[in-house]
Amino acid sequence: MRDISETHAGAFTGRRYLVTGGSRGIAAAIASALGEAGAQVIINHAARLDAAAGQPDAAEKLARHIAARGQKPELLDADLAQPGAGAALAQAVLAGGPVDGVILSASAQINKPLPEQSAAEIALQLQVNLTANLSLLQVLAPVMAARGFGRVLSIGSVQERSPSPEMPVYAMTKAAMRNLMDNLAGQYAARGVTFNTLSPGLIETDRNAFRRADPAAWAELTRRANPLGRAGQPDEMVAPALMFLSPAAGFLTGAALMITGGAHLGLQAAPAVD
């Protein structure tokens with residue numbers, strides 16, 4: 001990540017970015033890189049969820065890592081599963097000053113076929129993956145537009161294009177967010193606010209740690225996941241994310257980039273080539 005951050009050294013100085021679900025996984029890698037590139041980073045996290053994932057101090061560790069590199073990140077504990085949390089988080093962000101960009105990464109994923117999902121599980125995914133994001137953007141997008149600058153990046157998923165029967169509601173919400181980014185890109189283009197989507201494939205994070213309990217099964221899953229035959233790493237999402245978020249990327253809007261190891265092509269792992 002160091003060489004990537006140095007490529008953008010100083011480019012983000014004086015800019016303030018909110019990262020939702022920012023304490024772990026892909027979001028944490030992006031937050032760290034933004035901080036190293038000079039941005040003021042607002043790390044939204046939910047202490048309840050970090051503790052449930054066995055990382056109760058994840059946000060504090062990330063904040064210390066960024067601070068050691070010269071920035072002073074902000075921590076905002078807000079559980080976006082709660083009704084009204086999106087709007088409340090937006091107001092808390094603005095109370096600390098103007099915002100220049102938003103990375104929408106927080107999400108809920110239930111791995112069950114649709115008939116097996118309860119009403120509460122469906123409602124949770126709709127709240128975190130859609131309603132909270134809509135509420136955030138209702139407040140923050142007009143504020144960024146009024147200042148003539150903004151970068152909004154939605155962390156999507158290969159599921160928006162190749163939905164799995166195991167996660168139908170999650171896949172639906174990611175497709176809906178992709179549609180929203182395209183819609184808002186057109187509305188806000190003339191006011192300096194861009195809206196883009198970064199869609200990862202299988203990335204090795206704590207979300208899929210349960211799959212690694214059986215190393216042989218994980219090896220087979222990753223082998224078949226994409227033509228590269230492996231899982232991606234959170235740091236591999238950083239370079240494309242910084243591209244979208246850069247102040248220099250003013251002509252880049254309404255785009256969606258699949259970072260999937262080729263999984264979205266619908267191909268199996270490529271055979272070895274001598």
Side-chain angles (χ1 to χ4, degrees), residues 1-2 4-5 12 15-86 88-97 99 101-111 124-125 127-129 132-133 136 153-155 157 170 198 200 202-213 215 218 231-239 241-242 245:
M1 189 186 301
R2 173 66 61 182
I4 294 171
S5 297
F12 292 87
R15 302 290 186 181
R16 190 165 174 257
Y17 288 77
L18 166 67
V19 185
T20 71
S23 56
R24 295 179 282 122
I26 293 170
I30 294 173
S32 178
L34 281 169
E36 291 190 34
Q40 177 72 30
V41 184
I42 311 159
I43 303 167
N44 157 244
H45 69 110
R48 173 182 68 86
L49 298 177
D50 287 343
Q55 300 184 53
D57 57 350
E60 290 74 15
K61 281 185 176 180
L62 178 59
R64 289 195 296 270
H65 173 81
I66 295 173
R69 285 149 180 80
Q71 300 301 318
K72 187 176 180 181
E74 305 167 57
L75 294 180
L76 288 178
D77 186 346
D79 185 350
L80 296 180
Q82 302 305 311
L89 174 59
Q91 294 299 339
V93 168
L94 293 177
V99 63
V102 181
I103 298 87
L104 300 171
S105 184
S107 67
Q109 181 186 100
I110 304 297
N111 296 289
L124 170 66
Q125 292 169 96
Q127 164 63 29
V128 178
N129 303 355
N133 289 333
L136 272 169
L153 181 63
S154 174
I155 304 301
S157 169
Y170 175 82
L198 177 64
L202 177 63
I203 308 299
E204 187 174 327
T205 66
D206 57 54
R207 169 169 280 175
N208 49 50
F210 72 97
R211 299 189 185 277
R212 298 193 292 279
W218 174 251
Q233 297 298 315
D235 282 355
E236 293 181 285
M237 304 299 108
V238 167
L242 293 188
L245 298 168

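Values below: all heavy atoms of this structure, side chains included; hydrogens, waters and symmetry mates excluded.
The side-chain hydrogen bond (donor to acceptor under 3.5 Å, both in side chains) check on Ser154 picks up nothing, with sequence neighbours excluded. Under the salt bridge (Lys or Arg N to Asp or Glu O under 4.0 Å) criterion, Asp79 pairs with Arg48, not counting sequence neighbours. Every residue two or more places apart in sequence or in another chain that forms a side chain to side chain contact (heavy atoms under 4.5 Å, CB included) with Gln109 is listed here: Asn111, Met167, Tyr170, Arg207. Legend: residues meeting salt bridge (Lys or Arg N to Asp or Glu O under 4.0 Å) with Arg212, ordered by chain and number and at least two apart, are Glu204. In terms of the side chain to side chain contact (heavy atoms under 4.5 Å, CB included) criterion, residue partners of Ala108 (sequence neighbours excluded) are, by chain and number, Leu124, Gln125, Val128, Asn129.
Listed here is the closest heavy atom pair of Pro234 and Gly25: CB-O, 3.9 Å. Here the shortest heavy-atom pairing between Val238 and Ala33 reads CG1-CB, 3.4 Å. The shortest non-hydrogen separation linking Ala78 to Ala46 is O-CB, 4.2 Å. Of all the heavy atoms in Gln55 and Asp206, the pair that sits closest is NE2-OD2, 3.1 Å. Between Gly35 and Ile66, the closest heavy-atom pair is CA-CG2, 3.9 Å.
Once rounded to the nearest 0.5 Å, the distance linking CD of Gln82 with CG of Leu89 reads 13.0 Å. Annotation: the span from Leu198 atom CG to Met237 atom CE amounts to 6.5 Å, rounded to 0.5 Å. Atoms CD1 and CG, from Ile43 and Leu62 in turn, are 4.0 Å apart once rounded to the nearest 0.5 Å. Atoms CG and CG, from Leu49 and Asp77 in turn, are 9.0 Å apart once rounded to the nearest 0.5 Å. To the nearest 0.5 Å, atoms CG (Leu18) and CD (Gln40) are separated by 12.0 Å. Here the straight-line distance linking atom OG1 of Thr20 with atom NE2 of His45 works out to 12.5 Å at 0.5 Å rounding.
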Starting from the C-alpha separation in whole Å, work towards a yes-or-no answer on side-chain contact (heavy atoms from CB on, under 4.5 Å) for Ile155 and Ile30. CA-CA 11 Å; Ile155 304 301; Ile30 294 173; 4.0 Å; yes
Output, in order, the C-alpha distance, side-chain angles, deciding distance and verdict of side-chain contact (heavy atoms from CB on, under 4.5 Å) for Gln71 and Leu34. CA-CA 10 Å; Gln71 300 301 318; Leu34 281 169; over 6 Å; no
Please lay out, stage by stage, how Arg24 and Thr205 fare under the test side-chain contact (heavy atoms from CB on, under 4.5 Å). CA-CA 8 Å; Arg24 295 179 282 122; Thr205 66; over 6 Å; no
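Looking at His65 and Glu36, their side chains come closer than 4.5 Å, going by heavy atoms from C-beta outward.
Sorted by first and then second residue, the ring pair (Phe, Tyr, Trp, His ring centres under 6.0 Å) pairs involving residues 15-37 (not counting sequence neighbours) are Phe12-Tyr17.
With hydrogens and angles ignored, the 3.5 Å screen pairs a side-chain donor or acceptor of Asn44 with a backbone N or O of Gly21. Of the possible donor and acceptor atoms, none in the side chain of Ser23 sits under 3.5 Å from a partner among the backbone N and O of Ala58. Judged by distance alone, with hydrogens and angles left aside, the side-chain atoms of Arg16 form a donor-acceptor pair with the main-chain N or O of Gly97 at under 3.5 Å.
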